[in-house]
Protein chains: 2
Amino acid sequence: MIVEAAANVFREKGYDGGSLDDVAEALDIRKASLYYYINSKAELVGLVFETAMDGAREDIDRIVLIEDPVDRLRALVEHQIGRVISDLSHFSVFFDHIGFTKESSAKSERLRQLERSYVEAFSQTVERAIAEGVLPDVDPRYATRAIMGMTCWTYKWFDHDRHDGAALSETCLQLLLGTGQAVGRQG
Amino acid sequence: MIVEAAANVFREKGYDGGSLDDVAEALDIRKASLYYYINSKAELVGLVFETAMDGAREDIDRIVLIEDPVDRLRALVEHQIGRVISDLSHFSVFFDHIGFTKESSAKSERLRQLERSYVEAFSQTVERAIAEGVLPDVDPRYATRAIMGMTCWTYKWFDHDRHDGAALSETCLQLLLGTGQAVGRQG
DNA sequence: CCTACCGATCGGTAGG
DNA sequence: CCTACCGATCGGTAGG
C-alpha cells in the first residue's frame with residue numbers, strides 16, 4: 001500500500017528528506033502516478049498519521065472501561081508499547097513530524113483533535129491510577145508525560161530481532177508499580 | 001552564535017526542512033557567508049550534536065561516583081531532565097536527526113562513540129540501582145531504555161512558561177522509587 | 001498509470 | 001563577509 005511505502009520512506013529519511021520519487025520507487029511506479037491516489041505530499045503524511053492514530057484510539061476507549069486499577073494500568077502500558085512496536089514506521093513519522101503540516105486544513109485539524117482526545121484518555125487513566133493508589137501521589141500531568149515517554153520512546157531503539165515487547169512492558173510496569181524487592185516499599 | 005541559530009532552525013523545521021538560508025537569515029547575514037565558518041551543512045548539524053553531548057557528558061562521569069544509591073539515581077534523573085530542558089533545541093535536533101549523517105567521517109564516528117559511551121554510563125547507573133535494590137529486579141537493558149524515555153521525552157512537550165523541571169524530576173523519581181512521599185530528600 | 005516538463009529552492013562555489 | 005551564479009532535486013502539472 002502507498003501509505004505503508006510512505007511511512008517507510010519518511011521513517012528512514014524524514015518527511016522533508018524523503019521524496020515522492022522515493023515513495024514511487026518503492027512501489028515501482030513513477031512519481032506522477034502517485035497523484036492518481038493523492039493530492040499532495042502533505043495529504044500523504046496525513047494518511048500515515050491517521051493510520052497510526054486510528055488503531056491506537058480503538059484500544060484506549062476499551063482500556064478506560066477496565067475496572068481493576070492494576071489491570072487498567074497494565075493494559076495501558078502494554079497497548080501503548082504494543083502499538084508502537086507493531087507500527088514503528090508510522091509512529092516514527094507521527095512522533096517526529098507532527099506539527100509540520102503548516103496548513104490548518106480541516107484534515108489536519110481533525111488529526112490534531114484525534115491526538116488531543118487520545119492524550120486526554122491516556123491522561124485520565126493515569127489520573128485514576130494515582131487516585132486509586134496504584135501509582136504514588138504525584139502530579140498527574142507530569143506522570144502522564146513520564147509514562148508516555150517511557151512507552152513511546154520505544155520507537156527510537158526497538159528492534160524486533162533483538163528485543164521482546166512483552167518483556168519491555170513487564171519491566172515498565174514493575175518500575176511503575178514498584179513490585180519486586182524494592183527498598184522501603186513493603187507495607 | 002551560528003550553532004545556536006542552526007539548532008533553532010533545525011528544531012523548528014528539521015534538518016532537511018531547514019535551509020542554510022534560514023540559518024543565515026537568523027544571523028542577519030547571507031548564506032554564502034556561512035561558509036567562512038563551516039564547510040558543509042552536515043558539519044553544522046554535527047556541531048549542534050556536539051554541543052548537546054559535551055555538556056551532558058560532563059555530568060554523567062560525576063554522577064557515577066556518587067555512593068548513595070538513591071542520591072545517584074536522583075542525580076541521574078535530575079541531570080538528564082535538566083540538560084534536556086535547558087537545551088531543548090539542541091536535543092530536539094540530536095534525538096530526531098541522529099543517523100542522518102550518512103558519511104562515516106572521522107567526525108561523525110567520534111560523535112557516535114560519544115553517544116555510545118554516554119548510554120553506557122547511563123546504563124551502568126541503572127544497573128547498579130537494580131543491584132542495590134533501589135529499583136525493582138527487572139531487565140536492566142529495558143529499564144535503561146524506559147528511564148531514558150521517561151526523561152528524554154521531555155523535549156517533545158516541555159514549555160518553560162508552563163512547566164517546572166524540578167517538579168517533573170520529582171514526579172519521575174517518585175514513580176520509579178514507588179514512594180508516596182519523596183525519598184532521599186531530607187539529608 | 002505514463003512521458004515530459006515547469007518553477008522554486010536547495011547546498012555549495014567563484015571570486016572578490 | 002558580499003554578489004552572483006551553478007547543477008541537482010524537489011513537489012506538482014499537462015496531457016494523454
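Chain identifiers are assigned alphabetically (A, B, ...) following the order of the sequence lines, protein sequences preceding nucleic acid strands; residue numbering begins at 1 within each chain.
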Return the value, rounded to whole Å, for the distance between atom [atom1] of [X] and atom [atom2] of [N].
| X | N | atom1 | atom2 | result |
| --- | --- | --- | --- | --- |
| B/Asp28 | D/dC1 | CG | C1' | 12 Å |
| B/Glu25 | C/dC10 | CD | P | 11 Å |
| A/Lys41 | D/dG11 | NZ | P | 4 Å |
| A/Asp21 | D/dT13 | CG | C1' | 14 Å |
| A/Tyr15 | D/dG11 | OH | C1' | 9 Å |
| A/Asn39 | D/dG12 | CG | C1' | 11 Å |
| B/Tyr35 | C/dG15 | OH | P | 17 Å |
| B/Leu20 | C/dC10 | CG | P | 9 Å |

Closest to the [X] side chain, choosing from [options]:
| X | options | answer |
| --- | --- | --- |
| B/Arg30 | D/dC2, D/dG12, D/dC1 | D/dC2 |
| A/Ser40 | D/dG12, C/dG12, D/dC2 | D/dG12 |
| B/Ala32 | D/dA4, D/dT13, C/dG12 | D/dA4 |
| B/Ile29 | C/dC10, D/dC1, D/dG12 | D/dC1 |

Query raised in the report: When you check the phosphate oxygens OP1 and OP2 of D/dC10, does a side-chain N or O of A/Ser19 lie under 4.0 Å from one of them?
Result: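 So the side chain of A/Ser19 is within the cut-off, an N or O lying under 4.0 Å from OP1 or OP2 of D/dC10.
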
Requested in this report: Taking only the side-chain nitrogens and oxygens of A/Ser33, find out if one of them lies under 4.0 Å from OP1 or OP2 of C/dC2.
Outcome: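 Yes, because at least one side-chain N or O of A/Ser33 sits under 4.0 Å from OP1 or OP2 of C/dC2.
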
Query - Pairwise side-chain contact, A/Lys31 with A/Glu25, heavy-atom cut-off 4.5 Å (strictly under) - result: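 The answer is no; the side chains never approach within 4.5 Å.
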
Report task. State yes or no: do B/Leu88 and B/Met150 share one hydrophobic cluster built from I, L, V, M, F, W and Y residues joined by side-chain heavy-atom distances below 4.5 Å, directly or via other members? Result ->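 Yes.
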
Query raised in the report: Are the charged groups of B/Asp96 and B/Lys156 less than 4.0 angstrom apart, N to O?
Result: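 Looking at B/Asp96 and B/Lys156, the cut-off is met.
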
Query raised in the report: Would you call B/Arg57 and B/Glu115 a salt bridge, taking side-chain N to carboxylate O under 4.0 Å as the test?
Result: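 No, no charged N to carboxylate O under 4.0 Å.
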
Query - B/Ser19 vs B/Asp22, side-chain contact (heavy atoms from CB on, under 4.5 Å): CA-CA, chis, key distance, verdict - result: CA-CA 5 Å; B/Ser19 69; B/Asp22 293 329; 3.2 Å; yes

Report task. Determine which nucleotide pairs with D/dG15, using a 3.5 Å limit on both distances of a Watson-Crick or G-U wobble pair. Result ->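 Base-paired to C/dC2.
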
Query raised in the report: With sugar-phosphate meaning primed atoms plus P, OP1 and OP2, does A/Gly18 contact a base, only sugar-phosphate, or nothing at under 4.0 Å between heavy atoms?
Result: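 The answer is sugar-phosphate, as A/Gly18 gets under 4.0 Å only of primed atoms, P, OP1 or OP2.
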
